[in-house]
Amino acid sequence: MMLEMNGTVKFLILCSAPDVPTIEMGSSKESQSITVEFTTVSGATSYILRAETNDGSFFSEIPVPGSPGTVTNLQPYTDYTLSVMSVNSAGRSQPSISVEAKTVLSAPQFNTSSPSNSSILVKWEPVNHAVLYSLSIIKEGSYSQSPLNTTETQVHFPDLEAGTKYCIKGNAWSPENIPGDDFTVCQFTRSPTPQSIELVVTSTPDAGIVVSWDPAKGAEQYVAMSLTGQNCSSSSNSCILIPLSCGETNSVTVIAINQAGNSVPSYPVQIISFPCPPQPIWVEELVPGNCSVKWSAVPHAEYYTTFIKSDDGIEGMCNSTELYCRFHCHCGFSYIMSVFAHNHAGPSPPGPLLNHTTLPCCPELTTVSAASWETLMMEWSPVRGADLYETRAVDANEVILCNDTAPRCALSDLTCNSRYSVVVIPCNDVSGCNFTCSPQTRETAPCMPEITSVSQTNTSSSNVLVSWTSANTVANYTVSVIGIVGDMHVCHSNGTSCLVSNLPCGSVYEVSTIASTSAGESMPSFTVSLETAPCCPDSLNVSHVTQAMTNVTWSPALGAQTYITSLSSPRGNAQCHTMETECVMGCITCGTNYTVSLGAISRTGHKAECTYHGFSASQCCPSGIRLYRGSNNTLIVRWRSSSALTKYTAEVTGRDRTHSCSPEPGSYTCTVSEIVCGQVYSVVVAPLNPDGTKVQFCNSRMYSVTCVGSNVGMGKIENIYISI
């Protein structure tokens, strides 16, 4: 056929529909499909299979390339009407003559499980219209099957090998004795119980129990479980149970797991974990230098290890089955200690660290010296470990303390003349004070003596007795007598008095005393002023002024302010008190021997009694002096005297010359020649001193000699006393 369109000529070839094919057979091998075998026709490019139910509830057309063809998506054990059509470009042919066919039963849906490691249980839901079920089981890797038929919906396969894969194949049978779809399911039996369980405690990286076992056949996973609730899983033959507590008693079981489930748990294996660390721990130092680390018993511990490190870097350790560890500890050191408990599972975790600082060392070469009468100075070398030093002085009545960080201390306000126990106690903030240091016994200086009296042994002595009081009976005492001009006199005594000799007279001194013992010297006593008695005048002279009056003179005496001069005799005494160095004394009896004494008195009343050579008063002037005319121009002088042993001299003094005569003792008459008349003569009769000198205080008498004829005339002269 030729067509012309838009000026273009096109030729069309006309084809007819293909022939109708013929179905040879329709059969069902599966519950959801029917396979149709048919004859092919020429000119057909494909075919269409038609399936439908008699009630019209299902209709399906499926293109297929050729014979055989399969209709799918059908229902099990259902009748279908089947036809086939051929197809080409001209269209499809008419449906073939239909045939009837029924799908087979569906396969039972097996649910398998392994109740134990030697059995498999197969269950399924009943298949509609099934009158019998056929099952067979085969072990993986085996060619031996075990078939069985049953009308039940479950089958139990016993006596199987644990941990092994088994495949179960089965199908249902229709009343027409046609087998339905088969269904294969593979099931593992449960794995056997793990064997050879071993438990090892580990601490790395965390504390736990390493559980190991022999591999169990068919196991895909293992789970280890402890009695305390920990578990771990592994696909290998070990795992670690964490956490693990110290001192724990536990038991562990292991199960193997595969698709079938869990194996029977292994027999529990007991384990004791590592012990807990001992705590608390403490240190005892009953004897200095010997320390013991101690602790309480730890459950499940078999022995203990103690690590000790001192602050100088030295480390040490000791193992012990006892609850202590002894070590040598030096004074003034700090130690860090830790104790580990051990058993077959290993050491305990680290326990608390104990810092222990030993007591500071006792100072050596402590020197004690007296800084003053009431202060002891203590010095020592610094010791290790001491932050503070407590210096203590103890006697029967008091405790004196001195705290300082320096290695020296002054113990002040001590009691004199006391025995103290002194000790340096080193301390620190951590361990306290070391009270084991040995004390020293130290005696303080004697107490200050108290002078009770300072006296001259007598008024004329140059010796002074100094007395004092003191509580120290073993002290030696030194008395110092110091003058204002710098001279010094000392005496020593072990008693309570001392005689200072040879002090110069008329001096002023300060007197003090010091007590001394091996502990030192006391404070000097309060000073007492001493004034020695004045010196006696170096010279003293007594001279007559008149027969009854004398003049006493003396040289100045050192230290004297006033003087008392005395002339003493059995016939009477004479005395005068003066500040001068001379004194006129009356009431002297002539011809009498006097004792001459002088008292030199200081401004404070000290008195020196000075005794000089005796003074003999001159013999008394004679009395009853008379002149008589003698022959040949002589005068006879006569007098009376009470002393027959006194020698007298008579002096007759005229205008031109003096005439004298001295008769022998006992003679009271003296003749003077060559007298010239008409002159006035002074006549003196006086006793002679032992040295031959004349007593000067006898009065003279005036006589006038008149001339009468050739004889010398004697005129009477008035009696006049003239003092010399």
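Computed from heavy atoms alone, side chains included, the values below leave out hydrogens, waters and symmetry copies.
- For C361 against V383, the heavy-atom pair with the smallest separation is O-CG2, 3.2 Å.
- Counting only distance, with no hydrogens or angles, the side chain of Q679 and the backbone of R655 share a donor-acceptor pair below 3.5 Å.
- Heavy atoms only, all atoms of each residue included: S555 and D538 are closest at OG-N, 2.9 Å.
- Heavy-atom minimum distance, M702 versus S682: SD-CB, 3.7 Å.
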Stepwise, does the side chain to side chain contact (heavy atoms under 4.5 Å, CB included) test hold for F327 with V293? CA-CA 8 Å; F327 68 98; V293 184; 3.4 Å; yes
Mind running disulfide bond (SG atoms under 2.5 Å apart) on C536 and C505 for me, showing each step along the way? CA-CA 8 Å; C536 289; C505 57; over 6 Å; no
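- Taking the charged nitrogens against the carboxylate oxygens, D311 and R384 do have a contact shorter than 4.0 Å, which makes a salt bridge.
- Under the 3.5 Å distance criterion, the side-chain polar atoms of H328 are matched with a main-chain donor or acceptor of G289.
- Pairing each heavy atom of P537 with each of Y563, the nearest pair is CG-CE2, 4.4 Å.
- T444 places none of its side-chain heavy atoms less than 4.5 Å from the side chain of T415.
- A donor and an acceptor atom, one from each side chain of N573 and Y594, are nowhere located under 3.5 Å apart.
- No donor-acceptor pair under 3.5 Å is formed between the side chain of S662 and the backbone N or O of T649.
- Here the side chain of T532 pairs a donor or acceptor atom with the backbone of S507 at under 3.5 angstrom.
- Atoms SG and CD, from C362 and E364 in turn, are 9.0 Å apart once rounded to the nearest 0.5 Å.
- Residues S525 and W468 are not in side-chain contact: their nearest non-hydrogen atoms beyond the backbone lie 4.5 Å or more apart.
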For R392 and F435, run side chain to side chain contact (heavy atoms under 4.5 Å, CB included): C-alpha distance rounded to whole Å, both residues' side-chain angles, the deciding distance at 0.1 Å, then the answer. CA-CA 11 Å; R392 179 177 298 186; F435 293 101; 4.2 Å; yes
Take M549 and V584, measure what side chain to side chain contact (heavy atoms under 4.5 Å, CB included) needs, and give me the verdict at the end. CA-CA 7 Å; M549 185 171 63; V584 176; 3.5 Å; yes
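- Neither side chain, E521 nor S516, offers a donor N or O lying under 3.5 Å from an acceptor on the other.
- Applying the side chain to side chain contact (heavy atoms under 4.5 Å, CB included) test between Y628 and each of T671, I636, V637 identifies I636 as the sole match.
- A heavy-atom distance below 4.5 Å is not found between the side chains of Y681 and L627.
- Within the model, atoms SG of C576 and CD1 of I564 stand 9.0 Å from one another, a figure rounded to the nearest 0.5 Å.
- In this structure, a donor-acceptor pair under 3.5 Å is present between the side chains of T604 and S602.
- If you take OG on S292 and CG on N290, they are separated by 7.5 Å, rounding to the nearest 0.5 Å.
- With hydrogens and angles ignored, the 3.5 Å screen pairs a side-chain donor or acceptor of T452 with a backbone N or O of S467.
- Within the 4.5 Å cutoff, no side-chain heavy atoms of L540 are placed close to those of T553.
- Contact of the S431 side chain with the P360 side chain is registered, since non-hydrogen atoms from C-beta on lie closer than 4.5 Å.
- With T565 contributing its side chain and L598 its backbone, the two residues share no donor-acceptor pair below 3.5 Å.
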Worked check of side chain to side chain contact (heavy atoms under 4.5 Å, CB included) between T527 and V511: CA-CA 5 Å; T527 58; V511 182; over 6 Å; no
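- One distance of note links CG of D487 with CG of L503; it measures 8.5 Å at 0.5 Å rounding.
- Relative to the ring axis of Y668, R638 does not place its NZ or CZ within 45° and under 6.0 Å from the centre.
- Taking the side chain as every heavy atom from C-beta outward, M378 and V422 approach each other to under 4.5 Å.
- Side-chain contact between V283 and K294 is absent, with no heavy-atom pair separated by less than 4.5 Å.
- Aromatic pair W380/Y389: ring centres closer than 6.0 Å.
- Looking at every heavy atom in both residues, E398 comes nearest to D413 through OE2-O, 4.3 Å.
- The backbone N or O of E531 lies less than 3.5 Å from a partner atom in the side chain of H606, making a donor-acceptor pair.
- Between the side chains of N472 and S470, no donor-acceptor pair is found at a separation under 3.5 Å.
- Note that CG of L530 is 12.0 Å distant from CD1 of I482, once rounded to the nearest 0.5 Å.
- The 12-atom threshold is not exceeded at CD of E580, counting heavy atoms of other residues, nucleotides or ligands nearer than 6.0 Å.
- Taking every heavy atom of both residues into account, A410 and C402 meet most closely at O-SG, 4.0 Å.
- Between the T405 side chain and the L388 main chain, no donor and acceptor come within less than 3.5 Å of each other.
- When side chains are defined from C-beta on, H489 does not count as touching N502, because their heavy atoms never get closer than 4.5 Å.
- Between the side chains of T653 and T658, a donor-acceptor pair is found at a separation under 3.5 Å.
- The CG atom of N428 sits 5.0 Å away from the CG atom of D387 when rounded to the nearest 0.5 Å.
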